Visitor: 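Would you mind keeping the following structure in view while I ask a few things?
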Amino acid sequence: MLKSILRSIFRGDPPSTRKGRSELVFYNFWLHIHPAKVRKEHLRLRHTGYLGFVSFFLLLILGVTGLALMFYYHPYPARAYQDMKDLQFVVFLGPFLRNMHRWAGQLLVVAVFLHLCRVFYAGAYKEPRQFNWVVGVLLLFLVLTLSFTGYLLPWDQKAFWAITVGTNIVASAPLVGPVVKVLLLGGHTLGTQALLRFYVLHVAVLPGLAAALVMVHLWRIRKDGGLAPSPFQPEESSPPARERPIPSSPEKTYGLMGIVTGKPAFEVLVPEEEEAVFSYPYAFLREGIAFLATSAAVMALALLYNAPLSEVADPSKTPNPAKAPWYFLGIQELVSHSPALSGILLPSLLVLALLLLPYYDGNPSRRPKDRLLALSLFALVVLAYLVLLLIGLYFRGAGWSWVWPWAKGTGGTA
Amino acid sequence: MVLGLAVGQRHRGDRMRDWARLVFFLLCLANMVLLGLALARAARPGWAAYQRSYHRLEAQYEPDAAAKAAVEGTPVAIAQIILPGLQRVDRCTTCHQGVENPAMKGAPEPFSYHPGISRHPPSRFGCTICHGGQGLATDLAAAHGRVPHWPQPLLPSEYVRASCGQCHTKGDVPGVPELAEGRHLFDSHGCRGCHRLRGVGGTIGPDLSREGATRRDPAWLERHFLDPRAVSPNSVMPNFHFTPGQAKELTYYMLSLTGEEMSSYYTSESVIPSVPYGRELFARKDCIACHSIGGVGGKSGPDLEGVTRRHSARWLDEHFVNPKLVSPGSTMPAYDLTADERTALIRFMAVATGKDAEALLAGGAKSLTPEEAAVEAGARAFVHYGCVGCHGQGAAGGVANPNSQGGQVPSLIHVADDYKKSEVMAIILDGKTPAMANPSKPAPPLTMPSWKGTVNEEDLHNIVEYLWSLKPRGESSRW
Amino acid sequence: MNRRSFLSLSTASAAALIATAGMGLVGLFRFLLPRVFYEPARRFKAGYPADFPPGQPVFLPLEKVYLFHDPAKGFSAASAVCTHLGCTVQWSERDRQFECPCHGSVFAADGAVLRGPAPRPLRWLEVTLSKDGQLQIDKNRSVSETYHLLVPA
């Protein structure tokens, strides 16, 4: 009886046989994005750092904690701040969930950034994975926008003025800037309409877009031939000695369900037995570890550190200095020098450079020693942005004047 | 098989090491422990311990063991008072459970009884409107407001009564003479000349309409009144040489200026209709001009001694509103009085005697011609708008204004000799920057601001009449 | 690692996961259960006995309660919520009964159903004296229609 119930739910054989393990993967809705077998090499920590998984799990944690927090939050200025206090003092597990949401958000920005660096370093954006890189960069912007829209919701002084600064930076973009600002704010000042719009963006529009793009991103990994091999291997223009290509022939087709005829788009390379292991249990176990490690880290941070909350937002009192959220401080630093040129033009050029990277990078090699220029340029840009960010964080005081962080009161943001 | 699904069974021929299973297990444990810690922390809030202590205390008053057990077993819960009219929520009674229980007189804090609040029950007023602090919080330091980012910590206990002035903005408050005294000092020293308050006043100093909400440190305020530059180094505020008692009274008044938005339920009691307030109104409206008390005073209207024995309070109240309707043939005008003001007058009349009448007459209440009335009104307006703050008491000058010609804000006693009335009105409306004695030195800190929009026509006219009346008698006019 | 110790590891992991999930569900349930209510309090003080002289019952609009003062028997409080579908009933002094404007239910002065779709009599609520001498009404506690609180003068 039990067996037939289980069989009706799980359909495939139990995963104690090779057939069963394959069927576990393809017959399962939640798991079928995985290949039935993965290369051992790809499971090593040093191959990807599991950064993609960590980013994904952080997004899941944010979604779940965010959903819970929605039960106690009213996106209305007179009430939002009180709701934050309620979450802190009255709601069971309120502080824990709020802290989890905040730290997961900060960690996500760091994780996607590191993931981008890793993909760049491994040259995994090159043929045939160019489009997936573009999707990834779009996801990076979505994550930053999610973080920015969420930043306003507590409606405290830090939130209010950080978003005031942020929307003014947006407004200084040529041509479209002012219109985008009015669209974001639902008006010309930061108030009731803006809070509602930011809330709708944060809980519905942006998560929806992010979910869609994540699905495309994961789908493309499979379609582009799986994870890119390590950049330390010899050139793969000739297939690696330990893989045997399945010869294509007029009669053999590899199409879906045998309906689509014709030759496959890429030569199918089947890794040798020693190179690959079943996804179940090896890949899933390691994914489980990545998930548990991420959630343990987020929970530990949530237990140890409280998310900050300053005074209730007061439009008539500007704190000095007023700083954008930390990931935008590099831009704020640039903007402080000259709004249009360095504040908008330069970052826009950088954004375009990042987005279109795989299309102007003609170098087919993924080996580091063939790409020294690209790697150095990238490192330089990252370093420059980090320096600007650190300056904005620690070296700027009242009136955006230069201060030494060991002198009193510079106020970073978190 | 299901368990195997969770962790992964080994299969003959597997070639990877399984340290991963150990790590997986350890992480499962870690997550369980962390979540357990979070739940444990959430389930043991600090306030629950206080409530349980209170229940044990209450149980002592129960007669038998069963009743004691019942009380000690009362479930703990956060106590919340929602105050929409005051736009706040107070949770202080979560720990301060004994405030309305007379049996808790003398109990250890935080359980002791709060006497004297029968007119201000916690269910309508909460706690923070008087005491300050953070009503939304449920742990000790945060609730007492002594944490960063909460600008209103608990007021020290000797200053709590200053909060009465937030609602009771006029008249005196029984038991808090400092408020009325402070208000009087503020008016008579012309503080409004430099400090705007509720839309009326000068712009040389900061607007004080919300001073009590933003500056909650009584010690700072007192030091400031005793010596402004001791706490505010670049201040141009003169040292008025207040006594410590006066500084305290002014501090009370400042603390009461919170600019809170309250529903009319709270603001309708802006004046407590007390006997002293009634006496003040009686003098201000100059009732003694027509009425006598105990035979002393005016003869046009009836004697008022014991009038409350002859007429009910309701009759007297209606009479104030429309004397000719209630008392046909009366020549008494209908004064514009609020209900509280009428109650105050009635209460005063209930106890007024001939001695009060004599005091009123000695205070200079007499019948005035329209010109004299204008000068009197002008003198009051001169104080009300704070002109004395710069031009001195009685417009005699004496307030220093460095680097202006003459080194002082000018005295206005002889203004009638040097200007036409229209010129003075223009100066009041448009303002005037004083000429510098030495152009290379910094500009004088005190300037005459523009009062257009703040001073109305009638007050403008009266002030000018008052200034014209200041010329010492006997001097001939030069015009 | 041999099969036995492996199996126990497997079981232990599963057990820990199930425990964590269970704790999570309990936590979620308690999280969703509000600890403060943004509503009028269910147990509240109506005022001092002296504020409610005998005669016509006083309607407390916020809490939807009628407070009666019988000179002989004392104080009693009836919930003004109709037991049919929750409308607020109105007391008619002339007929000495409660009338519901929504579907015409009529309740006698003791709350019994005289007419109309209402299935049950009106609830009478516990009235006690608080520690500071005020009348305290508790909507969480129902009492019989004969319950009264006698307050010594």
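Below, all heavy atoms of this structure are taken into account, side chains as well, without hydrogens, waters or symmetry copies. Being a predicted model, the structure only gives us computed values, none of them experimental. Throughout, protein chains are lettered first and strands after them, A, B, ... in sequence-line order, and every chain is numbered starting at 1.
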Visitor: Please check if atom NZ in C:Lys45 has more than 12 non-hydrogen atoms from other residues, nucleotides or ligands closer than 6.0 Å.
Guide: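 Yes, the 6.0 Å shell around NZ holds more than 12 heavy atoms from other groups.
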Visitor: Go through the atoms of C:Leu33 and report whether side chain, backbone, both or neither lie under 4.5 Å from a heavy atom of chain A.
Guide: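 The answer is the backbone of C:Leu33.
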Visitor: List the atom of C:Phe31, the atom of A:Leu69, and the distance in Å for their closest heavy-atom pair.
Guide: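 Minimum heavy-atom separation between C:Phe31 and A:Leu69: CZ-N, 4.3 Å.
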Visitor: Between chain C and chain A, identify all donor-acceptor pairs below 3.5 angstrom, including backbone and side-chain atoms.
Guide:
{"from": "C:Phe31", "atom 1": "O", "to": "A:Tyr72", "atom 2": "OH", "distance (Å)": "2.5"}
{"from": "C:Leu32", "atom 1": "O", "to": "A:Tyr72", "atom 2": "OH", "distance (Å)": "3.4"}
{"from": "C:Arg35", "atom 1": "NE", "to": "A:Val90", "atom 2": "O", "distance (Å)": "2.8"}
{"from": "C:Arg35", "atom 1": "NH2", "to": "A:Val90", "atom 2": "O", "distance (Å)": "3.2"}
{"from": "C:Tyr38", "atom 1": "OH", "to": "A:Gln82", "atom 2": "NE2", "distance (Å)": "3.1"}
{"from": "C:Tyr38", "atom 1": "OH", "to": "A:Asp86", "atom 2": "OD1", "distance (Å)": "3.3"}
{"from": "C:Tyr38", "atom 1": "OH", "to": "A:Asp86", "atom 2": "OD2", "distance (Å)": "2.4"}

Visitor: Applying side-chain hydrogen bond (donor to acceptor under 3.5 Å, both in side chains), can you list everything that pairs with C:Trp91, at least two apart in sequence or on another chain?
Guide: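 Only C:Glu93 meet the side-chain hydrogen bond (donor to acceptor under 3.5 Å, both in side chains) criterion with C:Trp91.
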Visitor: To the nearest 0.5 Å, how far apart are CG in A:Leu292 and CG in C:Leu17?
Guide: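 Separation between the atoms: 6.0 Å.
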Visitor: Would you say C:Arg42 has more than 12 foreign heavy atoms packed within less than 6.0 Å of its CZ?
Guide: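 More than 12 within 6.0 Å, yes.
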Visitor: Using a cut-off of 6.0 Å, state whether more than 12 heavy atoms not belonging to A:Phe26 lie near its atom CZ.
Guide: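 No.
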